[in-house]
Each structure stands twice: as C-alpha cells, then as structure tokens.
Amino acid sequence: MPPIPPLPSVTVVLDRHDDVLQTHTALAAHHPPSGRITLHPGPGTTSETGLAHDLLVALGKPPLLPGRFPGGRQPAWEAATAWMTALPVTRLTVLRAHRLTARRTMRLLQLQARTGIHLTLVCHRPHLPAALHQALRTADYSVTADIEAARRHYYGTPTAEPPPADEPAAPARRWLTLPALDRLVSYDSPRPCTAPCTPPPIAWRHRPPPAPLTAPTAQRVAHRLHAATAHPRLAAAVAAALITGASLQQLATARPRDYDTAAATLALHDRARYTDGCAAHPVPPWASVFLRAAACFTRLVSGEDQELLAAPGDRTYLLHVAETARLRPPQPPAARRKGPAGRVEWDWRERQEAEKYEAMPVRRAWSSRR
C-alpha cells in the first residue's frame, strides 16, 4: 500500500481587530464544488452536536438526520465525516474559532485526521484563548496574522482561479418520474449471504435493466438527493435503487465490502433467486459519491457487518427522502388512484402485477368454455 501522506498543518489566523474584511474574505472562499467550505458556527451554542449540524448545513445538507439511533444520539459527526470524505472537500475554514470549546476544537482535529483536509481556524482576537491553545497542544499548527497569507489558506494555491460553474438552482418543485423506482417497495424477500460471496456481473436474465439516466437527469437527481437529506445511507439507497432497479429488501443485503470503489460496482445478494440472484451492478460516477459516503458512514457507526444502505425498517424514512427530493415511480391514472390526489403511490406496479395474475384464471376459464 502507498504510504499515508502526512496531515497538513493546522493554520490559525489571528484577526486581531475583528476586521470585517477578514470575515468577508473567508466567506467569499466558500464554494463546495471547488472543495472549499467556510463554517460560520451559529451563535449561542457550545454543544459538539450543534457544531456538526452547522457543518452539515455548510455542506448543503439539512442539519438533522432522520431515523432512530442507539442511545438517541444522532451520528451527526459521523455523517459530516462521511460526506467530507466522499465529496471533493479539501479545505475547511472555521470562523469565530475563539468561541470554540476545547472539546469542539478536538472534534475538528479528529475530522481533519480522518479526512486529511486543510483546516484553518480564524480567531478574532489578538491572542489564542486558553481553550483553543489547550486543544492545539497535540496538533501541528502555525499562526499568521497576515491577510494575504490567510487568503491563500482559504482558497488554496493558486488564489486567482477562475470560478467554476455554479451548481444548479435549488431543487425544483416539479416531480421527476423515474421507472427505476417501480420495484422499490416490492414484496420480494432476498437475504444477505452469510458465507463469502463474489457475485458475477449482472446478466439481466429475468427482467430488463433500468434505463440509465441521461446526464442532465443524473445531475438533477444528484443535487436533489444532496439537498434532501444528511443521512448518507438513505441518500445512497435511493441512488442505488435508480441504478439497479432493486427493491428495498434486496438493497438491504449489501454490506460495506459489497461496494468496490476501484471496480465501481455494487454487489446485491439473492441466493434464493427471487430476481437475478447475487450480482454486481455497475455504479456510474454520479452515484459513486453517495455510495462512498454510505460506506464511510456505516464503518464509522456500525462496522463491516451492518447494512451499507437503508434497512427494511427504514422504509418510511427512505420514501420520505425520495419524496423530499421529488423523485417518484410512474403513477396510476387518476381513475385508478387508491389514495388522495397528490400522494405518491409507491406500490402501483405491484398492484398492476397482482391484478394481472388474479385475472389470468378467469380468462383461461372463459376461453375453455368457448
């Protein structure tokens, strides 16, 4: 294995007179597509979880994670770490660092250790406060009070780079109807393999493959999923459903080892062959960031033997994420709707198939009487 590169030194910027230019310069550097995040912690909170929520917001995510968690503790830091590992984030600038407690600073140092980011702490005071000094005792850090040196840390090198194209606007209210979601709530019941399993590439013998998303649609889906949830596993489950056409039960068979980053494949298991058996599905680039985040998150929270994607018990949360992102399967005509207008009917395909099979004996009996 190649040697692990050393962590970059932490930079402490002393903004001696709380100059507005220093704050504006740091905020102007914030551009997630370029790998730069500027975190402006919310006032009035000293909790570690609150700082993680602020970081998720800076990453363009909702601050809260849906679902139930052991001990009632939201794994917000694990989620932030997972997203910063998967996204092209290379620089994190934290304003108002003089207000950080020693524990919150240690959280940021742990985040840097796990992600390898360039961490810059802006202290709007002439000297380091005691809490910040205490937390930095075990870190390699340097101090500067020069605005141009600070700018280089906010932006990286070179500082005069052409601005990349902006992200698309916030998710529209218009629905994206995607046939690949037809089987998400299917009633099949595959289980994960207990023995080591290296599935072959998917052959699509028993059902047609889902149509690949066009580049513009994939971009819209990705941005909507990023904005819809901070939960890496739920976002990855929706992305995986779109590239595999699999049900939630089959998605739940995947473990972190089933996502092969180098080969860009996701293995799903089905030893009883309810559908296509155990098979490896290709992962397009737009979906890889979600699976990388889910793999990192699962390893941090649960370990190698837990679900990589949403579990069957997460069905309600998963469908809520998809609906928040305005993603749905094809819907029944108005005359055949079972629920109120405006509500997504996720089981329309299942109902169609059930009605078809129920009608088959009737047609055969009628034909035999003729």
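Everything numeric in this text was worked out from a predicted model, so none of it was measured.
Ile37 is not connected to Leu7 by any chain of hydrophobic side-chain contacts under 4.5 Å among Ile, Leu, Val, Met, Phe, Trp and Tyr, and they are in different clusters. The hydrophobic clustering, which links ILVMFWY residues whose side-chain heavy atoms are closer than 4.5 Å, places Leu64 and Val57 apart. Residues Val143 and Leu132 fall within the same hydrophobic cluster, defined by Ile, Leu, Val, Met, Phe, Trp and Tyr side chains chained together at heavy-atom separations under 4.5 Å. Under a hydrophobic clustering in which Ile, Leu, Val, Met, Phe, Trp and Tyr are joined whenever their side-chain heavy atoms come within less than 4.5 Å, directly or via other members, Leu308 and Leu300 fall into different clusters. Linking ILVMFWY residues whenever their side-chain heavy atoms come closer than 4.5 Å, directly or via other members, places Trp346 and Trp175 in the same cluster.
For the pairing with Leu309, the side chain to side chain contact (heavy atoms under 4.5 Å, CB included) check across Leu234, Leu318, Leu291 returns one residue only, Leu291. Under the side chain to side chain contact (heavy atoms under 4.5 Å, CB included) test applied with Thr120, the options Val13, Leu92, Thr144, Leu95 reduce to a single match, Val13.
By the 6.0 Å contact criterion, CZ on Arg205 is open, its count of non-hydrogen atoms from other residues, nucleotides or ligands being 12 or less. Counting heavy atoms of neighbouring residues, nucleotides and ligands inside a 6.0 Å radius, atom NE2 of His320 does not exceed 12 of them. Under a cut-off of 6.0 angstrom, the local environment of CZ in Arg257 is crowded, with over 12 non-hydrogen atoms contributed by other residues, nucleotides or ligands.
The nearest pair of heavy atoms linking Ala86 to Ala293 is CB-N, 3.5 Å. Contact detail for Gly245 and Pro210: the closest heavy-atom pair is N-CG, 3.8 Å. Nearest heavy atoms, Arg233 versus Ala311: NH2-N, 3.9 Å. Pairing each heavy atom of Arg36 with each of Ala29, the nearest pair is NE-O, 2.7 Å. For the residue pair Ala254 and Ala267, the shortest heavy atom distance occurs at CB-O, 3.8 Å.
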What do the steps show when you test His231 against Tyr317 for ring pair (Phe, Tyr, Trp, His ring centres under 6.0 Å), and what is the final call?
CA-CA 10 Å; His231 200 307; Tyr317 304 113; 8.5 Å; no
Could you go through the ring pair (Phe, Tyr, Trp, His ring centres under 6.0 Å) check for His226 and Phe290 one step at a time?
CA-CA 9 Å; His226 277 302; Phe290 298 103; 4.5 Å; yes
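Evaluation of the salt bridge (Lys or Arg N to Asp or Glu O under 4.0 Å) rule for Arg96 yields Asp18 as partners, not counting sequence neighbours.
Listed by first and then second residue, the side chain to side chain donor-acceptor pair (under 3.5 Å) pairs that reach into residues 75-86 are Arg73-Glu78, sequence neighbours excluded.
Between atom SG of residue Cys197 and atom CZ of residue Arg255 there is a gap of 12.0 Å, rounded to the nearest 0.5 Å. The CG atom of Leu121 sits 9.0 Å away from atom OG1 of Thr93, with the distance rounded to the nearest 0.5 Å.
Looking at heavy atoms from C-beta onward, His30 lies out of side-chain contact with Leu27 at the 4.5 angstrom threshold.
Between Arg104 and Glu48 there is no salt bridge, since no side-chain nitrogen of the basic residue lies less than 4.0 Å from a carboxylate oxygen of the acidic one.
Cluster partners of Trp204, by chain and number: Ile202. The rule joins Ile, Leu, Val, Met, Phe, Trp and Tyr whenever side-chain heavy atoms lie under 4.5 Å apart.
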